[in-house]
Enquirer: 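Questions regarding the structure given below will be posed in turn.
Proteins get letters first, then strands, A, B, ... in listed order; numbering begins at 1 in each. Computed over heavy atoms, backbone and side chain alike; hydrogens, waters and symmetry mates excluded.
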Number of protein chains: 2
Amino acid sequence: MVLLTFLGAVIALAFAAVTAKKVLNFSEGTEQMQKIAKSIRAGANAYLKRQYSVVAIFFGGMFVLLCVMAACKLLTWFVPFAFVTGGFFSGLSGFIGMKIATLANSRTANACREGLNNGLRVAFSAGSVMGFTVVGLGLLDISVWFFILKFIFKLDPAMISTTMLTFGMGASSMALFARVGGGIFTKAADVGADLVGKVEAGIPEDDPRNPAAIADNVGDNVGDVAGMGADLYESYVSSVISASALGVSAFSGSIKAMAVPMLLAALGIVMSIIGTFFVRTGESIDQKVLLKALRRGTNLSAVAIAVIALPVVWFVLGRENLGLYFAILAGLLAGILIGLSTEYFTSDTYKPTRKLASTSETGSATIIIGGLGLGMKSTILPIAIVSVSVLCAFFVSGGTGSTSMGLYGIALAAVGMLSTLGITLATDAYGPVADNAGGIAEMTGLPPEVRERTDALDSLGNTTAATGKGFAIGSAALTALALIASYIEKVKTVDAAVTFEDFSLMNPVVLIGLFIGGCLPFLFAALTMESVGRAAQSIVVEVRRQFKEIKGIMEGKADPDYATCVDLCTKSSLREMILPTIVAVVTPIAVGLILGYKGVVGMLAGATVTGFLMAVFMSNSGGAWDNAKKYIESGEHGGKGSEQHKAAVVGDTVGDPFKDTSGPAINILIKLLSMVSIVFATLVVNYSIF
Amino acid sequence: MVLLTFLGAVIALAFAAVTAKKVLNFSEGTEQMQKIAKSIRAGANAYLKRQYSVVAIFFGGMFVLLCVMAACKLLTWFVPFAFVTGGFFSGLSGFIGMKIATLANSRTANACREGLNNGLRVAFSAGSVMGFTVVGLGLLDISVWFFILKFIFKLDPAMISTTMLTFGMGASSMALFARVGGGIFTKAADVGADLVGKVEAGIPEDDPRNPAAIADNVGDNVGDVAGMGADLYESYVSSVISASALGVSAFSGSIKAMAVPMLLAALGIVMSIIGTFFVRTGESIDQKVLLKALRRGTNLSAVAIAVIALPVVWFVLGRENLGLYFAILAGLLAGILIGLSTEYFTSDTYKPTRKLASTSETGSATIIIGGLGLGMKSTILPIAIVSVSVLCAFFVSGGTGSTSMGLYGIALAAVGMLSTLGITLATDAYGPVADNAGGIAEMTGLPPEVRERTDALDSLGNTTAATGKGFAIGSAALTALALIASYIEKVKTVDAAVTFEDFSLMNPVVLIGLFIGGCLPFLFAALTMESVGRAAQSIVVEVRRQFKEIKGIMEGKADPDYATCVDLCTKSSLREMILPTIVAVVTPIAVGLILGYKGVVGMLAGATVTGFLMAVFMSNSGGAWDNAKKYIESGEHGGKGSEQHKAAVVGDTVGDPFKDTSGPAINILIKLLSMVSIVFATLVVNYSIF
């Protein structure tokens, strides 16, 4: 089994490498295109280098702390090392994804000169490199650790699975740094560039005269690519290892139950690779045609994994546990449905976003109220979908007879949802590449039909990004529930007297935990939004300064100083990413030490519920504002430059940190809280006040 | 004991009557002032008459439904009648408060011509009439029902307390109608008047040329006065009866435990009356001096009740239960602290709102982001305060030994917090009276120093309203927790096999309930915000029409058609209030029938947590935007008419439905959900699917 998983990892990485080579064979285009691509690459590289060195300090400190705890017998000695590898691979996923994206952007722009299908192939291939790197590294980490723990240290399955849970903490903290830092960078640059460039100076987006233009493009790579890579690495790994841990306890120590999530992941890779070959399109820039091209690939992979999961469950766990197969199906289906619901609420082909666009008629206040209302209302469908799938997964797995079987079912639903991550991530990660390609096309003055093509690809990217976000949020909720269950399993290994009654809502400690946990996503959203605001402010000041001090920028006679803007974004995002991460790491330990493990469970449940709601709300509000603006720009409600358009720009500016900083970061937050709780469980059980 | 409670009710009502007479002795001012006051009064009366007839249909339908259920032995026959009286008294509280407020507005304006202290006395007296009517009617309802059930039907304490809980459902549904309907009316009129009058036509607020000016003033009365009256009637009654119910179960059926909350409420009335005599001020319009004048009264009442509660607990429940006294203290203190935290986050004398005002420098998008961030961040303190007070109340009451004692302690904390409601409500309700007085002063062209004085009173009203909201939210959270406990007690009477383990977070049904409940406040906020948007839209269209079609309005030569605007607001708010209320009533029944009582408890806990967070978030964001705008109007950041001011107006417009419609309605929602669940408990336990 470990061999098969390892093989899956190797296949994924090999496919990524081959695809990367294919991308590199395309031409980078004109000299000017190469120059701009180089600046973007340099900025992104410099940012990641500095981000990783800040993160290294955090990891170093945590490593020492975990070693001390291991020395005090509060942890096993594996934990500090597992923690570090989790963080390392998560960071590496982001790094490789960013690398290929910055190499593919000019190539996509150049390919678009020849035709739309060519452009799509290059951009989508770059997305695939990222997608398969993430899943490949994830499975590699899992299978290597499994091999070491099982065959070198000869631990029993229960010990293996709880140890492996702890590298989730490394992956989660790295992911949070990447998402928060990258999210602040990209939105500070974006908002700053728009506020001075578009609104004050009246020049179009991606205009080379805007000093923040390069920073804006760098931001797409470090935020939407590197951040997303680290993020989904974490989701993927967490879902597989939490399912393994719950499987071991459901099947009283049998290694077979660990095999299922790993095999599913490995097979999902193969199915995803097959799916990628079905992504191609003609020359029509019609969104529906393009979307169909991408959907063909993802749907095919989903159906394939749905079919192949049946024999896996049957042969590994036996016919009597076939109910678990339906749990996997429930997860797979839930992922698709949440994606569709996100699309419905944020795409301008449907009523909600069109209605939102019409509220621009009465000004920015009404479009803000409308967008907030839309986002809040859009939480119902995902809540209903997750609720139904959790109930199904629990009961078809036999949760009525054995709660731990039911919880294993919920965890498998999360694995099912993420099994085709290779290809769903490819369709998601291709968006920023197309966005960058459009920027390069604009900055180098390529003919308008090229920009039209990159715009078509970019706009499609917005839709797939929305779907991808739906997946990320849905899987985060399911994984978080599985992690809460894993936490309780972990507590049981320390204190055998734990009962389900301990976590009753009638226990005031649990209730208080619920309140505190519920508050965390609000706090987190506030912190990250304020960070974006502060960082954007510094860009505004700098761009204004350049417009004033560097003569001839506006006439295109002098080059603006791009590097300073990139540098400013780098500095402020690195500074701003520290506090939110520290809050996320320290709170569960503090709550645990004061309220004990019952309070922690309450906190985790509270954070999962409001975190899920806030993430959906913020992502969908932001997505809808963005697309309402695009809809108006397409000529509706007065079109570009009208008062309505100005109102829509205000909505979009508010929506930027909503959908690209706070919303996605909350997804990671809810899992990191559980991961930290699991690692510090022994400490909390032994030394808490209540 | 019932006699003492009854006596408290009579004292409160008598004091309200005497104060009302005092208010009416003041002169209404010039003929023009009388004319405008009359229009406002007529509009408010007409609105309430139509609102009550719509509500009567709902109550009629529910009455029939409850009678059918009683016939099927799913309820006792008392319930339908208790339900109706609860609704009737809640509505009556709002009606009387509105009546006196519309009689006092011109009198306040006139008194302000003579001096600030006179104005304060009239406005505050009107507020007192409302405050003491609410608590008087609340205690009257409680004591009369108690008398009937105990001495005529000779029920045992457990039956008495569960029957009395059901008139909470009547009060809550009436309160929700009043808050939502009134909230939509007032904000639709306000937003509509501002968008066309202030922004498009450029005339000042309350200008008689604005066709929506009267509707705006009517709105203050039907929303901020009648709505608040019905709302706080409900809070007050719910806290007393839920404490009584939990007391009976904690003291295994003893009537003594019911006596404590009732006696506290009665004594609170006496202490509040004493407090009112200490509210007076000089002629300085300095906010700090004015605030001190009001605070003197409320603080004195709070200290007095803190002192007198000690002997009450001691003599009624015995020295061994003195811990409960500290639970009461914890609640009283928590109320004051939450009020202070609200003030810190929303008053422009502190940093957060001043910083928010400075974000107007970069436009409306940044002030929106800043306000949302501020509101989200402001949830931490109230969460911490409520958490600590719940833990304290639980443990000092002996919750470690007996959970039901601990829950009784939490319920008593809520009663402690609301015991001085008479005077806190007076300081809160006086705000809209002063606001109206300012409107009348403006419309009748009284000398500027009069407007200056009414403005000073109004501005102070914003601060006390913020404090009042803090109280309302804090008490809602504590009462909601007590009601969840009461629900479980009720379920136990139907199905004796209920254990605490049933409500474990590891039960997927409880978890799903948590998700659904958590979603409700989001849905509710979205529905109410959209309603305000739609209603405001219709006012915008009407005001624009009048400006165009009625010649000479802008020159002051022709009177605008005020009545049509009032009528439009009335119609749309009545139409819009139906859906949210139905959602609130139907959801707990539907969730109960599908997920069973375990799911209901999860739902109630989820709704309480996110409801509390959303209510604090929305109220504080809205309050801060409002005061940031006022701060800029006072001459900071460019002052009135500047670009910064325009940005702040956008913030304030978004904040209006936040703080005056959605936020307060969520408070009622979380209690109504519990009330409905309690009434339908027998049905749910017998017929649910899970």
Side-chain angles (χ1 to χ4, degrees), chain A residues 195 199 359 362-366 368-370 372-373 376-377 379-380 383 386-387 390-391 394 399 403 406 410 481 484-485 488 499-501 503-508 510-512 514-516 518-519 522-523 525-526 529-530 533 537 540 601-602 605-606 609-610 612-613 617 650 653-654 657, chain B residues 195 359 362-366 368-370 372-374 376-377 379-380 383 386-387 390-391 394 399 403 406 410 481 484-485 488 499-501 503-508 510-512 514-516 518-519 522-523 525-526 529-530 533 537 540 601-602 605-606 609-610 612-613 617 650 653-654 657:
Chain A
L195 279 182
V199 180
T359 59
T362 32
S364 39
T366 43
I368 295 290
I369 295 180
L372 293 170
M376 289 177 183
K377 208 159 73 172
T379 56
I380 318 174
I383 283 275
V386 164
S387 297
V390 164
L391 274 189
F394 186 85
T403 308
I410 294 176
L481 293 181
I484 299 176
I488 293 179
T499 63
F500 277 180
E501 195 183 323
F503 310 113
S504 170
L505 285 173
M506 280 299 94
N507 186 330
V510 175
L511 268 181
I512 299 311
L514 206 64
F515 271 100
I516 295 172
C519 182
F522 280 79
L523 171 62
M529 280 199 297
E530 284 180 356
Q537 203 88 28
V540 167
V601 170
V609 171
T610 62
F612 182 69
L613 288 162
F617 155 46
V650 172
T653 312
V654 174
Chain B
L195 279 182
T359 58
T362 33
S364 38
T366 43
I368 295 290
I369 295 180
L372 293 171
L374 180 149
M376 289 179 183
K377 208 158 74 172
T379 56
I380 317 174
I383 282 276
V386 164
S387 296
V390 165
L391 274 189
F394 186 86
T403 308
I410 294 176
L481 292 182
I484 299 177
I488 294 180
T499 64
F500 277 180
E501 196 184 321
F503 311 113
S504 170
L505 285 173
M506 280 299 93
N507 186 328
V510 175
L511 268 182
I512 299 309
L514 207 63
F515 271 100
I516 296 172
C519 182
F522 279 80
L523 172 62
M529 281 199 296
E530 285 180 355
Q537 203 87 28
V540 166
V601 169
V609 171
T610 61
F612 181 68
L613 287 162
F617 156 47
V650 171
T653 311
V654 174

Enquirer: Of all the heavy-atom pairs spanning Met529(B) and Pro657(B), show the shortest one and how long it is.
Expert: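 Met529(B) and Pro657(B) have their closest heavy atoms at CG-CB, 4.3 Å.
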Enquirer: Shorter than 4.5 Å, heavy atoms on both sides: which option in Ile380(B), Leu511(B), Asn507(B) has the most such pairs with chain A?
Expert: Ile380(B)
Enquirer: Of the non-hydrogen atoms in Leu505(A) and Ala605(B), which two are nearest, and what is the gap between them?
Expert: CD1-CB, 3.8 Å
Enquirer: Checking heavy atoms, do the side chain of Ile383(B), its backbone, both or neither come under 4.5 Å from chain A?
Expert: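 Contact with chain A: side chain only.
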Enquirer: Among Val510(A), Thr359(A), Ile369(A), which has the most heavy-atom pairs under 4.5 Å with chain B?
Expert: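 Most heavy-atom pairs under 4.5 Å with chain B: Ile369(A).
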Enquirer: Which region of Ser387(B), side chain (C-beta onward) or backbone (N, CA, C, O), has a non-hydrogen atom less than 4.5 Å from a non-hydrogen atom of chain A, or is it both or neither?
Expert: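 Both backbone and side chain.
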Enquirer: Shorter than 4.5 Å, heavy atoms on both sides: which option in Phe394(B), Phe515(B), Phe612(B) has the most such pairs with chain A?
Expert: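 Most pairs with chain A among the choices: Phe515(B).
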Enquirer: Top residue by heavy-atom pair count (under 4.5 Å) with chain B, among Leu514(A), Thr610(A), Ile410(A), Val601(A)?
Expert: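 Result: the option with the highest number of such pairs is Leu514(A).
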Enquirer: Quick one: does Val654(B)'s side chain get under 4.5 Å of Ile368(B)'s, heavy atoms only?
Expert: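 Val654(B) vs Ile368(B): side chains touch.
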Enquirer: Going by the rule side chain to side chain donor-acceptor pair (under 3.5 Å), which residues pair with Thr362(A) if we only count those two or more places apart in sequence or in a different chain?
Expert: Thr366(A)
Enquirer: Under a 4.5 Å heavy-atom cut-off, does chain B meet the side chain of Thr403(A), its backbone, both or neither?
Expert: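 It is the side chain, since no backbone atom gets that close.
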Enquirer: So which of Gly363(A), Gly373(A), Gly533(A), Ser504(A) has the biggest tally of heavy-atom pairs under 4.5 Å with chain B?
Expert: Ser504(A)
Enquirer: Excluding sequence neighbours, so at least two apart, what forms side chain to side chain donor-acceptor pair (under 3.5 Å) with Glu530(A)?
Expert: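 For Glu530(A), the residues satisfying side chain to side chain donor-acceptor pair (under 3.5 Å) (neighbours in sequence not counted) are Lys377(B).
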Enquirer: Below 4.5 Å, heavy atoms only, C-beta onward: do Leu481(B) and Val390(B) meet side chain to side chain?
Expert: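 Contact flag for Leu481(B)/Val390(B) side chains = yes.
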Enquirer: Quick one: of Val540(B), Leu372(B), Thr499(B), who has the most non-hydrogen atom pairs under 4.5 Å with chain A?
Expert: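 Of Val540(B), Leu372(B), Thr499(B), Leu372(B) has the most heavy-atom pairs under 4.5 Å with chain A.
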Enquirer: In the structure I gave you, are the side-chain heavy atoms of Thr379(A) and Leu523(B) within less than 4.5 Å of one another anywhere?
Expert: no
